[in-house]
> 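The following block contains the structure, expressed as structure tokens.
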2 protein chains.
Amino acid sequence: MKIGELSKTSGCSVQTIRYYEREGLLSDPERSEGNFRLYSDKSLKELEFVKHCRSLDIPLNDIKRLIELKNKPEESCSSVNKLIKQQLDLVNKRMKELKALKNELQQMASTCNSDNTIGACGIIKSLDS
Amino acid sequence: MKIGELSKTSGCSVQTIRYYEREGLLSDPERSEGNFRLYSDKSLKELEFVKHCRSLDIPLNDIKRLIELKNKPEESCSSVNKLIKQQLDLVNKRMKELKALKNELQQMASTCNSDNTIGACGIIKSLDS
DNA sequence: CTTGACTCTATAGTTACTATAGATTTTATA
DNA sequence: TATAAAATCTATAGTAACTATAGAGTCAAG
Ligand SMILES: [Zn+2]
Ligand SMILES: [Zn+2]
Ligand SMILES: [Zn+2]
Ligand SMILES: [Zn+2]
């Protein structure tokens with residue numbers, strides 16, 4: 001299949017597919033006589049692996065490492081474990097941050113009933129302190 | 001005070017201060033004879049307003065709008081309200097996403113005890129499906 | 001044989017910074 | 001006072017993960 005079809009099947013934009021290829025996350029596809037990229041089902045699986053990782057917010061560099069590891073089935077998977085745990089730590093950290101943000105935003109929102117003037121707005125007052 | 005002192009007092013890096021100025025979030029400071037930026041306490045307050053907004057993850061463009069609004073104390077604050085509520089929605093949305101990520105990452109992590117080979121690693125298997 | 005859809009590469013834009021390079025100014029030391 | 005070190009200046013490039021062009025080439029249908 002050509003890139004447009006892979007794009008539709010995968011739900012990944014054409015530019016993103018080409019971008020992933022440039023970044024070395026997808027193996028270089030065959031080319032047609034007219035230089036069009038030609039993909040197989042294997043290509044689709046590669047792309048879906050990347051998408052799955054991205055859906056977990058794993059950075060492209062780490063995905064690259066995961067792909068390399070995937071190709072060495074005999075090695076220990078401890079680095080895979082470590083990577084996922086780091087990602088989990090990061091997610092937990094960000095969740096904590098967001099909770100704090102949420103609290104402050106909610107409290108701020110509650111200080112204003114929206115029919116004030118800006119001079120009397122509790123939100124602006126909070127932000128100013 | 002010069003930019004270095006403002007940087008220390010505010011906890012904002014020198015480059016970031018200059019960047020905020022370029023982006024129109026801080027008013028242009030006075031200049032010394034030798035063209036060094038000279039700041040007042042008012043400048044510090046401006047910068048702290050920006051920092052407070054940034055700590056709530058409000059994008060620079062929205063902060064710019066908030067500053068403009070702040071300078072029109074007689075107008076209605078409904079747009080301020082709207083902006084904060086949008087930010088709150090965004091935070092809530094992101095929190096939901098992160099919860100889902102966390103769940104999947106945790107489940108994945110639980111499928112591997114870290115002393116597998118990659119070929120037998122539950123994490124890689126999950127990512128592959 | 002031309003139109004339109006698709007694809008190609010290369011390049012620039014996005015966000016909020018951070019990090020240089022190379023020049024100039026100021027401050028501290030000898 | 002001479003000089004060295006620290007601070008500042010502008011301009012430019014890099015970061016992450018895309019997205020969006022521009023301009024040219026390819027391919028299928030009418
Ligand atoms: Zn999944
Ligand atoms: Zn208000
Ligand atoms: Zn606050
Ligand atoms: Zn494992």
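Lettering follows sequence order; numbering is per chain, from 1. This is a predicted model, so every value here is computed, not measured.
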> 5' to 3' on DNA chain D, which nucleotides open and close the contacts with chain B (atom under 4.0 Å from a heavy atom)?
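Reading along DNA chain D, I get D:dT8 to D:dT10.
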> Flag the pair A:T111 / A:S126 as yes when at least one side-chain heavy-atom distance between them is below 4.5 Å, and no otherwise.
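Yes, close enough: below the 4.5 Å cut-off.
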> For B:N35 and for A:N61, locate the closest nucleotide of DNA chain D by heavy-atom distance; then report the residue assigned to the nucleotide nearer the 5' terminus.
B:N35
> Are any non-hydrogen side-chain atoms of B:K8 and B:M1 less than 4.5 angstrom apart?
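Contact flag for B:K8/B:M1 side chains = no.
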> Will you find, in the side chains of A:E48 and A:S10, an N or O donor that is under 3.5 Å from an N or O acceptor?
no
> Cation over ring, B:K2 on B:Y39, under 6.0 Å and within 45°?
no
> Could you check if a side-chain atom of A:L83 sits within less than 4.5 angstrom of a side-chain atom of A:R65, using non-hydrogen atoms only?
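The answer is yes; the side chains approach within 4.5 Å.
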> Using whole Å, what does the distance between atom C1' of nucleotide C:dA16 and atom CG of B:L60 come to?
6 Å
> So, OP1 or OP2 of C:dT9: does either fall under 4.0 Å of a side-chain N or O from A:R31?
yes
> Checking A:T117 against B:E75: is there a side-chain donor and acceptor pair closer than 3.5 Å?
no
> Does anything in residues 50-59 of chain A reach DNA chain D, meaning a heavy atom under 4.0 Å, and if so which residues?
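Heavy-atom cutoff 4.0 Å gives A:R54, A:P59.
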> How far apart are the C-alpha atoms of A:D128 and B:K70, what are their side-chain angles, what is the distance that settles it, and do they pass the salt bridge (charged side-chain N to carboxylate O under 4.0 Å, His left out) test?
CA-CA 10 Å; A:D128 231 349; B:K70 206 152 101 65; 2.9 Å; yes
> Report yes or no: does A:R54 contribute a side-chain atom to a donor-acceptor pair with the main-chain N or O of A:I58 at less than 3.5 Å?
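Such a contact is found between A:R54 side chain and A:I58 backbone.
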> With DNA chain C as reference, determine whether B:E33 or A:G34 sits nearer its 5' end, using the nearest nucleotide of each.
A:G34
> Below the 4.0 Å mark, does C:dT27 have OP1 or OP2 next to a side-chain nitrogen or oxygen of B:K2?
yes
> Can you sort out which residues in residues 11-23 of chain B have a heavy atom within less than 4.0 Å of DNA chain D? Ascending by number, please.
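Listed by number, they are B:R18.
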> Does a side-chain heavy-atom distance below 4.5 Å link B:L98 with A:N92?
no
> So do the side chains of B:C12 and B:S7 get within less than 4.5 Å of each other, counting heavy atoms only?
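They are not in side-chain contact.
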> Looking at A:E68 and A:K64, is there a salt bridge between them, counting it only when a charged N and a carboxylate O are closer than 4.0 Å?
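Not counted as a salt bridge, because no side-chain N and carboxylate O are separated by less than 4.0 Å.
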